[in-house]
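For ligands, and for the atoms within them, numbers begin at 1 and follow the listed sequence. We count residues from 1, following the sequence as given.
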Amino acid sequence: MKILVINAGSSSLKYQLMDPAKNEVFAKGVCERIGIDGLFTYKPTGREPIKGLKTDMPTHSEAMQTVLQYLTDPEIGVIADMKEIDAVGHRVVHGGEAFTASVLITEDVLAEIEACSPLAPLHNPANIIGIRTCQQMMPGVPMVAVFDTAFHQTMPPAAYTYALPYSYYTEDKVRRYGFHGTSHKYVAGRAAAMLGKPIESLKLISCHLGNGSSVTAVDGGKSVDTSMGFTPLAGVPMGTRSGDLDAGVLEYIMTRHNLDIHQMLKVLNHESGVFGISGLSSDFRDLEDAAEKGDPRAILAIGCFNYAVKKLIGAYAAAMGGLDAVIFTAGIGENGPAQRRDITAGLEFMGLKLDPERNQQRGKELVISTDDSPVKILLIPTDEELMIATDTAALLK
Ligand code: AMP
C-alpha cells in the first residue's frame, strides 16, 4: 500500500510517500517558500537527492503539481503513475473537541476543520489548502485527516479545564487541548512494543523535546494530561517560546515597555524560551557549547528547561498514581544525552535509574535505564509521518 503523507504549512508543504505496513519510504521532501521564490527538495530513497531547486510555486497547487510530477517522473520518480497512490494522509493541527481520532475527509469534516480555524489561525487554513489542493489534483483518492490534538481528547475535565469563568469554555472553547499528539501516540505505542506489554497496562510519560516541547502522561494508552494548552505556547520553556507564565507579567511588561498584545505575543513566541534566557540561541547544540565554555546564561537556560521537564515527570507520575516508563523523543530527547541525564538525575527515589553508557546513544530505539531500574527510561525516535500513514491505512480498511 502506498500512502502519501502531506503536512501543509502557510508557505511550505512537506510530503512523504511510504508503505506504513513495511515502514518503507519511497521518497520524501519539501516545497518551501511557496508564493515567494519556490524551493523544491526531493529525496528518492537510495538515490541522489535534489535539494533546494528553484521552482515556480505561486500557490500550493503548483507545489503539489511539482511533487506529483517528480514522484511519477520516468527517470527519477518512484512510481509509474499517480494511480499507485492508495490514499493521502494529511496532518491537521487543530481538531478542537470535534475530532477524537483520525477521520476520512468528507465535506462535513472539512467544514468542521474550518470551524476549528479560529483556534489555530496560522495552521488550520494552511492544512485546508493542502487538502483542497490534493482533492483537485487527485480526484477520487481517499484522504484522511490526522490531528495534533486528537490524542489528547481523552484528558479528563479536571486536567483540561482552566480556572476561568466557565463560560469561556462553554461559549468560547477555551480549554487545554494539547499538541504533538501524533508523536506522543506513536512513541507510546512503540514503548509498549519495546517493553513487550499491552499498552492498556502501562503508565507512561512521553517527553517530546525539540524546538517545540511537550510532556504527556499516557495512562493505559490514553493521554490523561499534557503540558501544552489552548495553544502550543504553554508548558516547558522551548527554543523561543516562553512556556507557562504568570499572566500578571503580561500587563506589567506591556505597560512598562509600551507593547500591545501582538508585540507581547511576538516576544513570548519568538524571543523567549532558552533563546530569551541565554540571549544566544534556540538550538541546544549552541547552548551546550556555550555552557561548556562557562557561559552562565546558557547554563541557566539549559537548567530552566531541564528543571521544568523534571517537575512534569513528578507531577504526571502523581497524576497517574504510578509510572512504568519515561520516553525521550524529538530533536533534544533523541540526541541530548546531557539533557536526559540532568532531567532524570535525582529521580532515583521514583525508580528511575539511568545507565550512563546506554545514555550515550542517539537516535535509535533503546532502553537507556539500568537492567534493575524499576521504571524504564526509553529513547524512541519519533515518526509522525509513519503514524499518519498508519492511521490513514487503517481507515481505508
Ligand atoms: P526538532 O524540533 O525535534 O527537530 O528538534 C530540534 C532541536 O533538537 C534543535 O533545536 C536542537 O536544539 C536539538 N538537537 C538536534 N540535534 C541535537 C544534538 N545532536 N544534540 C543536542 N541537541 C540537538
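Remark: minimum distance from atom 12 (O) of ligand 1 to any protein heavy atom is reached at Phe284 N, 2.7 Å. Among protein heavy atoms, the minimum distance from atom 11 (C) of ligand 1 is reached at Asp283 OD1, 3.4 Å. What sits closest to atom 18 (C) of ligand 1 on the protein, heavy atoms only, is Asn335 CB, 3.3 Å. What sits closest to atom 15 (C) of ligand 1 on the protein, heavy atoms only, is Arg285 CZ, 3.6 Å.
The shortest heavy-atom contact between Met138 and Met143 is O-CE, 4.0 Å.
Atom 4 (O) of ligand 1 lies below 4.0 Å from none of the non-hydrogen atoms of the protein.
A salt bridge is defined here as a Lys NZ or Arg NE, NH1 or NH2 lying under 4.0 Å from an Asp or Glu carboxylate O, and Glu271 with Lys266 meets this definition. Here Arg285 pairs with Asp283 in a salt bridge; the nearest charged N to carboxylate O distance falls below 4.0 Å. Note on Asp324 versus Lys203: no salt bridge recorded, every NZ/NE/NH1/NH2 to OD/OE distance being 4.0 Å or above.
Atom-to-atom distance recorded for Lys293:NZ and Ile299:CD1 is 12.0 Å, nearest 0.5 angstrom.
Close N/O approach between Arg362 and ligand 1 is found [any backbone or side-chain N/O within under 3.5 Å]. Polar contact check, Asn211 against ligand 1: a nitrogen or oxygen pair lies under 3.5 Å apart. Distances between N or O atoms of Gly212 and those of ligand 1 include no value under 3.5 Å. Here's the thing with Gly331: one of its N/O atoms is less than 3.5 angstrom from an N/O atom of ligand 1.
Cation-pi contact between Lys28 and Tyr15: absent, since separation from the ring centre below 6.0 Å together with deviation from the ring axis within 45° is not met.
In this view, Thr59 and Glu62 satisfy the side chain to side chain donor-acceptor pair (under 3.5 Å) rule, not counting sequence neighbours.
Centroid-to-centroid, the aromatic rings of Phe328 and His208 stay 6.0 Å apart or farther.
Heavy-atom proximity to Gly210, at under 4.0 Å, picks out these atoms of ligand 1: 1 (P), 2 (O), 3 (O), 5 (O). Heavy-atom contacts of Ile332 reach the following atoms of ligand 1: 8 (O), 12 (O), 13 (C) (cutoff under 4.0 Å).
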